[in-house]
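Below: one structure, written as structure tokens.
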Amino acid sequence: MISMKRRMLLGGAGVALAAPLIMTRAAVAQQSGAETSMNIDHAMPPETHRFNVGKFEVVVVKDGARPSENPQETFGTNQSPETVGALLEANFLPSDKFVNSFAPVLVNTASDVILFDTGLGEGGRANGLGRLVEGLTAAGYKREDVTTVVLTHMHGDHIGGLMEGGQPTFPNARYVTGQAEYDFWADPARVGTPAENGHKGVLANVQPMAEKMTFIGDGGEVVSGITGMAAFGHSPGHMIYRLESEGRQLVLTADTANHFVLSLQRPDWEVRFDMDKAAAAATRAKVFDMLATDKLAFLGYHMPFPAVGFVEKVDQGYRYVPKAYQFDI
């Protein structure tokens, strides 16, 4: 009885001792105006995903995602809304909406820290986008760690994060991009054309880095094990990149395909953002035939996060197979 009473007393004392702490935390939260844990809209760091390609560490950051309506106004613009909607429904997706996400990629080779594309940056913050630097921080990297920034092409969602507060976001980096891409967008001939806004974006975000920029073409090397490949069509000098280390490979396909169903199952369908639609369709077929034949993994900038997967040839196009544990064993 004495032993039992002692245990009960100690147990009660433990609760009594804990109570002031619990009350204090609650009081502090109330006084500071902090939201309670019942609020379902907690601020969270952006999603990141880390895996290895041989000795290369790859970190994918979700710069953000944007839902939109009327998929046919973007994908399959040469098809009827009913045709596009039917393909989406056949793949368990809503026929009248889609989500576009953005996935910059950091590759640590142990000698270089290379960032592929920079997201939307300051211009996207008001809409919950532009979270690349936040994601890199969550993954353990500082802006100053980046030694090379590679631009696959110069649409706004790829170059928007180059500058922050009027200064280079990645102060220690050199820059690599396709010669044809830069020449097109920097040309004053773009003024007065549909490409004028893109021209202005390049003048503001890319041209200030021109002195630190290396221009490459098809087959050009970024560093040992990372090679550029011409994939023109989506933009005039759109480039993709092959990573190879210790027998493992990954192809960064950028915007070759912008939707895991609509662009892959029907690669011939026109896409509003493809500047040369016929060339873009031909490039999709060439690149994804290669990936399917060689069974290579790819990382697509607008694929469902973490944006990595494989394709197999089916019917009129390709079936997307998301990455699982292939790089873990």
Side-chain angles (χ1 to χ4, degrees), residues 46 48-63 103-119 121 132-154 158-159 161-164 167-179 181-182 205-206 208-231 237-254 291 294 296-301 306-308 323 325-329:
T48 60
H49 181 73
R50 188 189 310 259
F51 63 101
N52 290 331
V53 177
K55 69 175 184 179
F56 294 171
E57 179 185 70
V58 178
V59 179
V60 194
V61 177
K62 189 172 183 178
D63 192 59
V105 180
L106 183 139
V107 179
N108 187 342
T109 70
S111 301
D112 295 274
V113 177
I114 305 167
L115 177 65
F116 290 84
D117 294 323
T118 65
L132 169 62
V133 172
E134 218 183 325
L136 293 178
T137 301
Y141 288 92
K142 301 187 298 292
R143 297 183 299 116
E144 293 79 8
D145 294 334
V146 176
T147 61
T148 305
V149 174
V150 179
L151 301 176
T152 61
H153 63 296
M154 297 187 186
H158 296 256
I159 67 170
L162 280 170
M163 303 287 285
E164 190 80 25
Q167 298 296 319
T169 305
F170 307 100
N172 299 324
R174 69 184 183 98
Y175 301 84
V176 177
T177 196
Q179 181 75 63
E181 184 75 0
Y182 182 81
N205 290 315
V206 182
M209 273 62 116
E211 292 183 357
K212 295 183 176 181
M213 196 161 285
T214 301
F215 299 99
I216 65 174
D218 188 38
E221 186 177 80
V222 178
V223 297
S224 179
I226 302 180
T227 307
M229 303 166 62
H238 182 268
M239 298 278 290
I240 63 177
Y241 292 86
R242 183 193 294 260
L243 280 56
E244 185 167 3
S245 174
E246 297 181 339
R248 294 290 185 106
Q249 294 189 53
L250 175 72
V251 179
L252 308 182
T253 59
L291 295 175
D294 296 343
L296 296 178
F298 79 100
L299 193 155
Y301 193 75
V308 187
K323 164 188 170 296
Y325 50 77
Q326 293 91 340
F327 290 96
D328 301 332
I329 56 177

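Values in this document were obtained by computation on a predicted structure and should not be read as measured data. Atoms considered below: every heavy atom in the structure, side chains included; atoms not considered: hydrogens, waters and symmetry mates.
Proximity of a side-chain donor or acceptor of N52 to a complementary backbone N or O of G54 within less than 3.5 Å is not detected. For the pair R143 (side chain) and V133 (backbone), a donor-acceptor distance under 3.5 Å is absent. Without hydrogens or angle criteria, T118 side chain to H158 main chain gives a donor-acceptor distance under 3.5 Å. A donor-acceptor pair is defined here as one N or O able to donate and one able to accept, closer than 3.5 Å; no such pair exists between the side chain of N108 and the backbone of E57. Checking side-chain atoms of T169 against main-chain N and O of L162 turns up a donor-acceptor pair under 3.5 Å. Looking at T48, its side chain never comes within 3.5 Å of a backbone N or O of V61 through a donor-acceptor pair. Side-chain atoms of E181 come within 3.5 Å of backbone N or O of M154 as a donor-acceptor pair.
Paired with T214 under the rule side-chain contact (heavy atoms from CB on, under 4.5 Å), one option of V150, V176, T177 passes, and it is V176. With P104 as the fixed residue, the side-chain contact (heavy atoms from CB on, under 4.5 Å) test singles out one of L136, D63, T152, V60: D63.
Shortest non-hydrogen contact noted between Y141 and R50 is CE1-NH1, 4.2 Å. Scanning both residues, F170 and Y175, for their nearest heavy atoms gives O-OH, 3.5 Å. Summarising the geometry of I240 relative to H238, their closest heavy-atom pair is CG2-CE1, 3.8 Å, with the distance given to 0.1 Å. The minimum heavy-atom distance linking L250 with L299 is given by the pair CD1-N, 4.0 Å. Across every non-hydrogen atom of F327 and A297, the tightest pair is CZ-CB, 3.7 Å. When all heavy atoms of A139 and V59 are compared, the closest pair comes out as CB-CG1, 3.9 Å.
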Report the C-alpha separation of M213 and V206 in whole Å, then their side-chain angles, then the decisive distance to 0.1 Å, and conclude whether the side chain to side chain contact (heavy atoms under 4.5 Å, CB included) test is met. CA-CA 9 Å; M213 196 161 285; V206 182; 3.7 Å; yes
If you apply the rule side chain to side chain contact (heavy atoms under 4.5 Å, CB included), what do you find for T109 with F56, and how did you get there? CA-CA 5 Å; T109 70; F56 294 171; 3.7 Å; yes
Could you go through V149 and M209, starting from their C-alpha distance and side-chain angles, then the distance that decides it, and tell me whether this counts as side chain to side chain contact (heavy atoms under 4.5 Å, CB included)? CA-CA 11 Å; V149 174; M209 273 62 116; over 6 Å; no
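Atoms CD and CG, on E164 and N205 in that order, are 10.5 Å from each other to the nearest 0.5 Å. Residue L106 holds its CG atom at 8.5 Å from CD1 of I114, rounded to the nearest 0.5 Å. In this structure, K212 NZ and R174 CZ are separated by 12.0 Å, a value rounded to the nearest 0.5 Å.
Residues V107 and Y241 form no side-chain contact, since every pair of their non-hydrogen atoms from C-beta on lies 4.5 Å or further apart. Residues R242 and L296 form a side-chain contact, since some pair of their non-hydrogen atoms from C-beta on lies under 4.5 Å apart.
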